[in-house]
Amino acid sequence: MEVFELIAPCHFGMEAVLKREVYDLGYDIVKVEDGRVTFAGDAEAICRANINLRTTERVLLKVGEFHAETFDDLFEAVKALPWERYLPEDARFWVKKASSVKSKLFSPTDIQSVVKKAIVERLKIIYGISWFEETGASFPIRVFLHKDEVTVSLDTSGDSLHKRGYRTQSGRAPISETLAAAMILLTPWKKDRILVDPFCGSGTIPIEAAMIAAGVAPGMNRSFLAQTWMNLIPQYLWMDAVEEARELADFSAEAHIQGYDIDGDIIRVARENAGRAGVDSLIHFQQRPVSALNHPKKYGFVITNPPYGERLEEKEMLPALYREIGQAFDRLDCWSEYLISSYEDAERYIGKKADKKRKIYNGMLRTTLYQYLGPKPPKMRVRDI
């Protein structure tokens, strides 16, 4: 089966987590760059990556890579690519997005226009026609320029992979599903350890944790654009990948996951979202303020996304709120705490420096993941028989 280069974009700062996910699926890494991991895989890999990767935004099939400093360079290089290998005669294709960083070509609309014209010119020659009806399957194209190096790819996912399908409602400033999963996978949390999110909102962090605990693939219950690409990916590969995911899911798994929020209405939404994800039995949701956070057991985890104060009226409340967070942390004996926030005074009001900090871009918002590392639980002694 033909091997492609597949590109998986992710949140800046979470490349190592995604790289490990790709390795765990059994694929070789080609390169790791800021905000993206490129790996080698066949048509089956496109199916399995879309269904199983928790921390990527989409799976892109790389068509070509080249250097271009002028629009003539761009046109000729795109025209030289083997588009007939990917686009059938009736394909509906367009340049969905063009982005440019530190490159001489920087106008997205002009880049989109030139790339589309170049593809059309090549396919006119290949297929011997002057007009394309574009009545067939959809093939959105993405173009990325960085320091005049151009990457052209096809988007196999369609809707972003953060759209698992379970979150039909959310609270204010929700964390994305992919970022929530990346935060969890960055920690040493396992399903036999307690996990609490005291600012759970619509439940994204607890739900993603429960899906990890139960081995539920994030894309198991949604569709992908490349399912219509009959010329590249046989339908049986999608069916096989879904069946594999279903066999690996263990809905009888046990976990100790809790989600709290001060808003009772949003807690009801969180329960409904967990039900749609099929993991409501693994999570205990409760209306509860962070000031009431306490737990008698040791060696648990807090993984949370508290308010950042992005709204002006909320900023005045942040010092008191983060003091409450710090006081709650102090009451949790031997726990580890992971907190993502753009609030620059987070450590000051929590009352202690984080053991580790990681810069993460949540969209265009620069945030910090503060990591307070608790001790490992003692190993169980095995008695001699």
Side-chain angles (χ1 to χ4, degrees), residues 11 14 17-18 20-21 24-25 50-56 161-171 174-222 242 244-261 263-264 266-288 290 293 295 297 299-306 332 335-340 369 377:
H11 288 276
M14 290 300 190
V17 179
L18 176 55
R20 188 169 70 241
E21 277 202 281
D24 288 346
L25 271 184
N50 272 295
I51 290 168
N52 291 284
L53 292 179
R54 301 181 189 277
T55 62
T56 187
L161 295 181
H162 83 269
K163 295 183 178 181
R164 320 289 206 212
Y166 66 74
R167 196 169 74 179
T168 59
Q169 299 182 67
S170 62
I175 191 170
S176 75
E177 293 86 337
T178 47
L179 182 52
M183 282 178 62
I184 297 161
L185 292 174
L186 190 65
T187 78
W189 175 78
K190 301 295 180 187
K191 64 183 178 182
D192 60 341
R193 308 273 291 275
I194 301 163
L195 187 154
V196 178
D197 179 1
F199 297 95
C200 73
S202 54
T204 307
I205 291 175
I207 292 169
E208 290 294 320
M211 291 173 69
I212 292 169
V216 176
M220 193 168 69
N221 297 312
R222 58 158 283 178
V242 170
E244 176 192 43
R246 286 178 177 159
E247 289 177 358
L248 292 173
D250 180 12
F251 289 99
S252 65
E254 294 184 3
H256 307 279
I257 302 168
Q258 300 170 14
Y260 304 142
D261 201 280
D263 186 338
I266 202 65
I267 284 293
R268 283 190 286 275
V269 169
R271 290 192 182 108
E272 292 170 3
N273 289 342
R276 275 186 289 273
V279 293
D280 49 326
S281 64
L282 298 180
I283 310 169
H284 171 68
F285 287 110
Q286 185 179 347
Q287 183 180 359
R288 190 174 181 182
V290 69
L293 176 59
H295 206 286
K297 291 187 177 180
Y299 308 112
F301 284 75
V302 170
I303 303 177
T304 193
N305 172 46
L332 296 170
W335 280 51
S336 298
E337 294 98 10
Y338 295 78
L339 176 150
I340 190 169
L369 179 62

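Values below: all heavy atoms of this structure, side chains included; hydrogens, waters and symmetry mates excluded. It should be emphasised that the depicted structure is a prediction, and the values quoted were computed from it without experimental measurement.
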Can you list everything that forms a side-chain hydrogen bond (donor to acceptor under 3.5 Å, both in side chains) with [X]? Sequence neighbours excluded, please.
{"X": "Tyr299", "value": "none"}
{"X": "Glu21", "value": "Thr55"}
{"X": "Thr56", "value": "none"}
{"X": "Asp261", "value": "none"}

Under the side-chain contact (heavy atoms from CB on, under 4.5 Å) rule, collect the residues that match up with [X], sequence neighbours excluded.
{"X": "Ser336", "answer": "Phe301, Tyr338"}
{"X": "Arg271", "answer": "Ile267, Arg268, Phe285"}
{"X": "Lys297", "answer": "Ile194, His295"}

Do you know the tightest heavy-atom contact between [X] and [Y]?
{"X": "Tyr166", "Y": "Thr204", "answer": "OH-CG2, 3.7 Å"}
{"X": "Leu282", "Y": "Ala214", "answer": "CD1-CB, 4.0 Å"}
{"X": "Ile207", "Y": "Ser202", "answer": "CD1-O, 4.1 Å"}
{"X": "Ile205", "Y": "Asp197", "answer": "CB-OD2, 3.5 Å"}

Side chains of [X] and [Y], heavy atoms from C-beta outward: is any pair under 4.5 Å?
{"X": "Leu161", "Y": "Pro218", "answer": "no"}
{"X": "Tyr260", "Y": "Val290", "answer": "no"}
{"X": "Leu293", "Y": "Leu332", "answer": "yes"}

Item to complete: Could you point out which residue of Met211, Lys163, Arg167 forms a side-chain contact (heavy atoms from CB on, under 4.5 Å) with Glu177?
Response: Arg167

Name the atoms and distances for all side-chain donor-acceptor pairs under 3.5 Å in residues 178-189, with sequence neighbours left out.
{"residue": "Thr178", "atom": "OG1", "partner": "Glu57", "partner atom": "OE2", "Å": "2.5"}
{"residue": "Thr178", "atom": "OG1", "partner": "Ser176", "partner atom": "OG", "Å": "3.2"}
{"residue": "Thr187", "atom": "OG1", "partner": "Ile184", "partner atom": "O", "Å": "2.8"}
{"residue": "Thr187", "atom": "OG1", "partner": "Trp189", "partner atom": "N", "Å": "3.1"}
{"residue": "Trp189", "atom": "NE1", "partner": "Arg193", "partner atom": "O", "Å": "2.9"}

Practice prompt. Give every residue pair that meets the salt bridge (charged side-chain N to carboxylate O under 4.0 Å, His left out) criterion with at least one member in residues 276-286, sequence neighbours excluded.
Written response: none

Worksheet item: Distance from Glu244 atom CD to Met220 atom CE, nearest 0.5 Å?
Response: 12.0 Å

Discussion item. Please report the interatomic distance SG(Cys200) to CG(Asp263), rounded to the nearest 0.5 Å.
Written reply: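 Taking SG in Cys200 and CG in Asp263, the distance rounds to 9.5 Å.
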
Fill in: Under the salt bridge (charged side-chain N to carboxylate O under 4.0 Å, His left out) test, residues paired with Arg164 that sit two or more places apart
Glu208

Discussion item. Suppose we screen for salt bridge (charged side-chain N to carboxylate O under 4.0 Å, His left out). Which residues come up paired with Glu337, at least two apart in sequence or across chains?
Written reply: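 Expected list: none.
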
Under 3.5 Å donor-acceptor pairs involving side-chain atoms of residues 245-257, not counting sequence neighbours:
{"residue": "Asp250", "atom": "OD1", "partner": "Ser252", "partner atom": "N", "Å": "3.1"}
{"residue": "Asp250", "atom": "OD1", "partner": "Ser252", "partner atom": "OG", "Å": "2.5"}

